[in-house]
Amino acid sequence: MTAEGLQDRNSLGLAIKEEAQKLGFALVGISPVQPPPHEEFFAQWLRRGLGGELGYLQRTEELRRDPRKVVPWAASVISVGMNYYTPLPRPVMQEGGRGWISRYAWGDDYHDLMKQRLEALLKRIEEICPEPVQGKAFVDSGPVLERDVAGVSGIGWIGKNTHLISPQSGSWFFLGELFLSVGLVYDRPIRDRCGQCDLCLKACPTGAFAGPYHLDARRCISYLTIELKGAIPRHLRPLIGNHVFGCDICQEVCPYNVKARATAEEAFSPREGLYMPELVLLLSLSDEEFQIRFRGSPILRAKRRGFLRNVAVALGNLKDKDALPHLVRALQDHEPLVRQHVAWALGELSGSEALKALEARLEVEVDPGVIEEIQLARTKTLV
């Protein structure tokens, strides 16, 4: 490429970044389309079973390890980050009957919003680029190792907690990519700046980090409360605390998030009742009420049965006696997964009323998993 051509590509890249920032993307970087630097690490992570039941990762492994198999025509990728941070404090566990939902799920679902913004960016690029442009946007739903790709683009590095961290802005960002058919001038990656810090590794309540940069998803609260479809392992339930959807702890303790700025995107502002939610109100949601309440929210991903499962575990950990009548009613829920975890929660609360409810349900229960859970809970209430 001639010096003149290089200058033109550099100008185009700067113009793209400016347009991206106008659309609300606080972080923007440009990199070539190539196999991500940690693709072999990703493969080994899958082989070790650390991805748990995330079968879609195994099904798309080869595509994730080389984006050229997904977009063979692409030359460049624009990586973007959109801030979702809302600076509201985490409640203490003793703050009766309240749960915790990860900050990213307080507002509207980011997938659609970011996809629309990236498609708007593509249209703008088509207008300013002197040659025909082909493009494709991905937002956490395509076979792309987003953090790896973003790291190559220079907008941050992958920290020990496996989040992408910007040295100026921290890690409270949604990531997205726009693959383009045109070559551009590329940004340089940022070196790892975690140093000797291991606050995130020590802060994890469930010990989900097998080591720096090694997340065991099977123990991660976000995985357990969102991705896991079945019963939460009993030995991990007490460690989940009052989390009902996601976590945030490993980001909250990160020094690079101390000066995080609040998002300017109104769509990510907390919906009513999602910051420090009153758990007994969530436990009583019907199927229809759940769909209405969380329409357009990331929480739909857990489905009603998974979400109420989480709520029951949180109430069991809080041991709030005021929740007892609500749990007794929920023991009649039509979903076995919900009844199973409600039974566990009643065992944690113990007492004669809990025992009476468990024994009454045992007389009519037909699901083997629920029966086993009730029998274990009864033993606990009798101690």
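If you read the sequence from its start, that first residue is 1, and numbering goes on from there.
In this structure, the side chains of Leu282 and Arg293 come closer than 4.5 Å at one or more pairs of heavy atoms. When side chains are defined from C-beta on, Leu318 counts as touching Leu279, because their heavy atoms get closer than 4.5 Å. Put simply, the side chain of Val80 does not reach to within 4.5 Å of the side chain of Phe173, judged on heavy atoms.
His111 and Asp109 are linked by a side-chain donor-acceptor pair at a separation below 3.5 angstrom, with hydrogens and angles left out of the test. Under the 3.5 Å distance criterion, with hydrogens and angles disregarded, no donor-acceptor pair is assigned to the side chains of Arg68 and Gln34.
Ion pairing between Glu335 and Arg309 fails under the 4.0 Å rule for side-chain N and carboxylate O. In this structure, Glu131 pairs ionically with Arg9, as a charged nitrogen and a carboxylate oxygen lie closer than 4.0 Å. Between Glu373 and Arg237, at least one side-chain nitrogen of the basic residue sits less than 4.0 Å from a carboxylate oxygen of the acidic one, meeting the salt-bridge criterion.
At distances below 3.5 Å, not a single donor-acceptor pair connects side-chain atoms of Asn310 with backbone N or O atoms of Phe245. Remark: the backbone N or O of Glu177 is not paired with any side-chain donor or acceptor of Ser79 at under 3.5 angstrom. Looking only at distances, a side-chain donor or acceptor of Asn257 sits under 3.5 Å from a matching main-chain atom of Gln251. Side-chain atoms of Ser350 never come within 3.5 Å of backbone atoms of Leu346 as a donor-acceptor pair (strictly under, hydrogens ignored). Put simply, the side chain of Arg117 gets close to the backbone of Leu23: a donor and an acceptor are under 3.5 Å apart.
The only member of Pro143, Pro72, Pro35 that meets side chain to side chain contact (heavy atoms under 4.5 Å, CB included) when paired with Asp66 is Pro35. Checked against Glu348 for a salt bridge (Lys or Arg N to Asp or Glu O under 4.0 Å), the options Lys321, Arg234, Lys319 give a single hit: Lys319.
Note that the CD atom of Glu19 and the CD1 atom of Ile78 stand 12.0 Å from one another [nearest 0.5 Å].
For Trp106 and Trp100, the gap between ring centers is short of 6.0 Å. Aromatic rings from Phe268 and Tyr104 are positioned such that their centres are separated by 6.0 Å or more. Checked against the 6.0 Å centroid criterion, the rings of Phe41 and His214 qualify as a close aromatic pair.
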**Study point:** Derivation of the side-chain hydrogen bond (donor to acceptor under 3.5 Å, both in side chains) call for Glu289 and Ser286
**Key:** CA-CA 5 Å; Glu289 289 168 340; Ser286 67; 3.3 Å; yes
Exercise for review: Start with the C-alpha gap between Asp140 and Tyr110, add the side-chain angles, then the distance that decides, and say whether side-chain hydrogen bond (donor to acceptor under 3.5 Å, both in side chains) holds.
Suggested key: CA-CA 9 Å; Asp140 194 28; Tyr110 63 95; 2.3 Å; yes
Review point. Run the salt bridge (charged side-chain N to carboxylate O under 4.0 Å, His left out) check on Glu363 and Lys356 step by step: do they pass?
Key: CA-CA 11 Å; Glu363 293 180 0; Lys356 181 180 178 181; over 6 Å; no
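Shortest non-hydrogen contact noted between Phe307 and Ile101 is CZ-CD1, 4.5 Å.
Seen from the ring of Phe138, Lys136 counts as a face-on cation partner, given the 6.0 Å and 45° thresholds. Remark: Arg103 qualifies as a cation-pi partner of Trp172 under the 6.0 Å distance and 45° angle criteria applied to the six-membered ring.
The neighbour count for Arg147 CZ, taken as heavy atoms of other residues, nucleotides or ligands under 6.0 Å away, does not exceed 12.
The cluster map of Ile, Leu, Val, Met, Phe, Trp and Tyr, joined by side-chain heavy atoms under 4.5 Å apart, puts Leu199 and Ile165 in different clusters.
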